[in-house]
Amino acid sequence: MTLAETENDASNNPFVALNYEPALESLGDDYYDEVAAAEFPQHILRWRNDALLPRLGLNPQAVTDEDFIVAFGKFEGRKPLLALRYHGYQFGEYNPGLGDGRGFLYGQVRGTDGELYDFGTKGSGRTPYSRGGDGMLTLKGGMREVLAAEALHYMGVRTSRCLSLVETGLPLWRGDEPSPTRSSVMVRMSKSHIRFGTFERLHYLKRPDLTKRLLDHVIEQYYSHLVATQDKYALFYAELVKRVAELAAQWMAAGFCHAVLNTDNMSITGESFDYGPYAFIPSYDPYFVAAYFDYYGRYCYSHQPLVCKLNLEMLQEPLKSVFAQDDMEFGLSTFDEHYHNEYRSLMLKKLGFEQLPISDAEELLKATIEFLKMYPVSYHHFFAEMASSFSTKWGDNASDILRDSEIGQSLGATELFVNWSGIYHRILTNLTPEEVEKIGQCLTRYNPQTPLLRPVIESIWEAIAQENNWQPFYELLEKIRSGQ
């Protein structure tokens, strides 16, 4: 195929033909570098997220696998490709050597919902910020990010999602591994790839003019309801605080540990993204650490709300060149309340209640956490057992609660379980029969039966690595989507 034929072929691609908006590009090249995508020896589409296509105005049945490969594996027909510039605090230390080191902003598209979305790559080759790295992504890393994003989305977490995963045929050496592993390139669809660290870089460069331009852009694109308000900057920060507090609560309720909450991994839209060494907690361990290199537990499970709040506080430093820090302090003072309200609401849903009086809710939540913390019960299995075992008879006698489940049979006589089940039973007795009936539906809706624990992920990868068997991967994704 000639170059002209290739370009013509790409122009007919439904992804290339989307109406891209130069939103970030229009700010000028103080915020990015134009880059070229790597060329790969192989292109095998391993994942396509058809669930996202209607939001782009596309009919999944009209989009071929080759369309995905041409657009998001070969990157034909789309320019410019922008490697974004940013800095960040990494494990508390400022790092001015960051930036998109193995990815770029492919483009920005207005969804059918009116929202602006980014297509961002991961594993698409070297950029000026690769810092000696190869700019690539392992196939296992890509597979893990697909699973994390889908699992979190269906658990109600505000998250980016993967649009595609293409295996690229390059052998990659990682760490002390004696043999190479397989490579991939992933495309992520998110609200924005502007990070807290994007603003921190501008403060480091002493460019308040660029800070203000970027902040105005963020408000215009992602907080447009604030554009005409008198105190738009203070209101923006207060809303960001609320979004981040709620996101932290969503992670905690989902039993999810992000593992690398550096400021370059914090989105200015309050959306969760960039999943590396994450893990879902096997049991309720406040000090569970997901990343092997987090030696001092800075980003352990229970620290996530505190770290998010600290990152918001550090964001005040670059933003105070635009508006008063006192306004930001007032906004930040609401973090704890937003966090606790969201966490309580989400945990109640996992326990089967859409709402309860505050006193009952607090008492039940405290008893639940105390029980989960003290006994070797799987965090996810506990709630899944509630969903699968629930009976309206639980309202007749406290001893019936989880009696026939594995948890009830092994721990039902313990003091903390008796206390917890007694509180649960008392709450049930105050509900109408119709309200009790709805508890089972709520439990099923908010508690998936297949938690994405590390052994599950490793078994999926083993099938791929040893036999190139992707069926368990697709079956797991189907279970995640259906809540099985």
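We use all heavy atoms of the structure for the numbers below, so side chains are in, but hydrogens, waters and symmetry mates are not.
For Thr168 (side chain) and Val185 (main-chain N/O), no donor-acceptor pair under 3.5 Å exists by modelled atom type. Arg48 places a side-chain N or O within 3.5 Å of a backbone atom of Val63 that can act as its donor or acceptor partner. Formation of a donor-acceptor pair under 3.5 Å by the Tyr284 side chain with backbone atoms of Ile281 is not found in this model. Within the 3.5 Å criterion, the main-chain N or O of Arg481 finds no donor-acceptor partner in the side chain of Glu150. Judged by distance alone, with hydrogens and angles left aside, the side-chain atoms of His43 form no donor-acceptor pair with the main-chain N or O of Gly169 at under 3.5 Å. A donor-acceptor pair under 3.5 Å links the side-chain atoms of Thr198 to the main chain of Arg195, judged by distance alone. Checking side-chain atoms of Thr64 against main-chain N and O of Asp67 turns up a donor-acceptor pair under 3.5 Å. Within the 3.5 Å criterion, the main-chain N or O of Gln90 finds no donor-acceptor partner in the side chain of Asn95. Checked by atom type and distance alone, the side chain of Thr138 pairs as donor or acceptor with a backbone atom of Gly141 at under 3.5 Å. Judged purely by atom type and a 3.5 angstrom limit, Asn447 uses its side chain to pair as donor or acceptor with the backbone of Lys350.
For Asn468 and Arg182, the side-chain atoms include at least one donor-acceptor pair closer than 3.5 Å. Side chains of Tyr299 and Asn265: a donor-acceptor N/O pair is absent below 3.5 angstrom, by distance only. Side-chain contact annotation: His193 with Arg188, donor-acceptor N/O pair under 3.5 Å present. Judged by distance alone, the side chains of His87 and Tyr94 do bring a donor and an acceptor atom under 3.5 Å apart. For the 3.5 Å distance criterion, the side chains of Tyr20 and Arg78 fail to qualify, holding no donor opposite an acceptor. A donor-acceptor pair shorter than 3.5 Å cannot be found between the side chains of Asn13 and Glu76. Looking at Gln316 and Tyr237, their side chains do bring a donor and an acceptor atom within 3.5 Å of each other. Ser164 and Trp47 share no side-chain donor-acceptor pair at under 3.5 Å. Donor-acceptor pairing under 3.5 Å is recorded for the side chains of Thr159 and Tyr275. A donor-acceptor pair shorter than 3.5 Å can be found between the side chains of Asp100 and Tyr86. Side-chain atoms of Ser183 and Glu167 include no donor-acceptor pair closer than 3.5 Å.
A cation-pi arrangement is present between Arg243 and Tyr223 under the rule of less than 6.0 angstrom and at most 45 degrees off the ring axis. In this structure, Arg144 is positioned above the aromatic face of Tyr278, its NZ or CZ under 6.0 Å from the six-membered ring centre and within 45° of the axis.
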- Task: Assess whether side-chain contact (heavy atoms from CB on, under 4.5 Å) is satisfied between Ile460 and Ile457, documenting all intermediate values.
- Result: CA-CA 5 Å; Ile460 297 296; Ile457 299 175; 5.6 Å; no
- Task: Test Lys232 against Glu220 for side-chain contact (heavy atoms from CB on, under 4.5 Å), laying out the working first.
- Result: CA-CA 10 Å; Lys232 67 176 183 179; Glu220 178 185 353; over 6 Å; no
- Derivation of the ring-ring contact (aromatic ring centres under 6.0 Å, His included) call for Phe119 and Phe72: CA-CA 10 Å; Phe119 295 160; Phe72 301 138; 5.7 Å; yes
- Query: Run the salt bridge (Lys or Arg N to Asp or Glu O under 4.0 Å) check on Glu475 and Lys479 step by step: do they pass?
  - Reply: CA-CA 6 Å; Glu475 290 175 355; Lys479 288 181 179 179; over 6 Å; no
- Please test Leu476 against Leu452 for side-chain contact (heavy atoms from CB on, under 4.5 Å), starting from the C-alpha separation and ending with a verdict. CA-CA 9 Å; Leu476 177 58; Leu452 192 62; 3.8 Å; yes
- Task: Please step through salt bridge (Lys or Arg N to Asp or Glu O under 4.0 Å) for the pair Glu115 and Arg110, ending with a clear verdict.
- Result: CA-CA 6 Å; Glu115 299 286 335; Arg110 190 73 53 177; over 6 Å; no
- Task: Go through Arg126 and Asp134 one step at a time and tell me if the salt bridge (Lys or Arg N to Asp or Glu O under 4.0 Å) criterion holds.
- Result: CA-CA 6 Å; Arg126 290 189 179 92; Asp134 57 21; over 6 Å; no
- Task: May I have the step-by-step check of side-chain contact (heavy atoms from CB on, under 4.5 Å) for Thr444 and Gln441, ending in yes or no?
- Result: CA-CA 5 Å; Thr444 300; Gln441 300 170 17; 5.9 Å; no
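In this structure, the ring of Tyr106 has its center no less than 6.0 angstrom from the ring center of Phe15. The distance between the ring centers of Phe75 and Phe104 falls below 6.0 angstrom. Between Tyr301 and Tyr287, the ring centre distance reaches or exceeds 6.0 Å.
Using a 4.5 Å heavy-atom cutoff, the side chains of Gln449 and Ser388 are in contact. Looking only at side-chain heavy atoms (C-beta outward), Leu312 and Phe196 come within less than 4.5 Å of each other. A heavy-atom distance below 4.5 Å is not found between the side chains of Glu25 and Gln108. Inter-residue side-chain proximity for Gln304 and Met252 is flagged as met; some heavy-atom pair is nearer than 4.5 Å. Side-chain contact between Thr368 and Leu351 is present, with at least one heavy-atom pair separated by less than 4.5 Å. Between Val377 and His381, the closest side-chain pair of non-hydrogen atoms is not below 4.5 Å. Annotation: side chain of Val35 is in contact with side chain of Pro128 (closest heavy-atom distance under 4.5 Å). Phe280 places none of its side-chain heavy atoms less than 4.5 Å from the side chain of Pro451.
The existence of a salt bridge linking Arg454 and Glu458 is excluded, since no basic side-chain nitrogen approaches an acidic carboxylate oxygen closer than 4.0 Å. Classification of Lys122 and Asp274 as a salt-bridged pair holds, one side-chain N sitting under 4.0 Å from a carboxylate O. By the 4.0 Å N-to-carboxylate-O rule, Asp118 lies too far from Lys191 to be salt-bridged with it. The pair Asp216-Lys212 meets the salt-bridge criterion, with a side-chain N (NZ, NE, NH1 or NH2) lying under 4.0 Å from an Asp/Glu carboxylate O.
Taking both residues in full, the closest heavy atoms of Cys308 and Val244 are given as CB-CG1, 3.6 Å, listed atom of the first, atom of the second, then distance. Taking each heavy atom of Ser190 and Glu271 in turn, the nearest pair found is CB-OE1, 3.2 Å. Of all heavy-atom pairs spanning Val289 and Cys300, the tightest one is CG2-CB, 3.8 Å. Taking both residues in full, the closest heavy atoms of Leu215 and Phe199 are given as N-CE2, 3.8 Å, listed atom of the first, atom of the second, then distance. Pairing each heavy atom of Leu214 with each of Ile194, the nearest pair is CD1-CD1, 4.0 Å. When every heavy atom of Ser130 is checked against every heavy atom of Gly125, the shortest pair comes out as OG-O, 4.4 Å.
For Asp113, the CG atom counts as densely surrounded, since its 6.0 Å shell holds more than 12 non-hydrogen atoms of other residues, nucleotides or ligands. Around CZ of Arg46, the count of heavy atoms belonging to other residues, nucleotides or ligands within 6.0 Å exceeds 12. Atom OH of Tyr474 has more than 12 neighbouring heavy atoms from other residues, nucleotides or ligands inside a 6.0 Å radius.
With values rounded to the nearest 0.5 angstrom, Leu98 atom CG is found 12.5 Å from Leu84 atom CG.
The aromatic rings of Trp470 and Phe473 sit perpendicular, their planes meeting at an angle over 60°, well past the 30° parallel limit.
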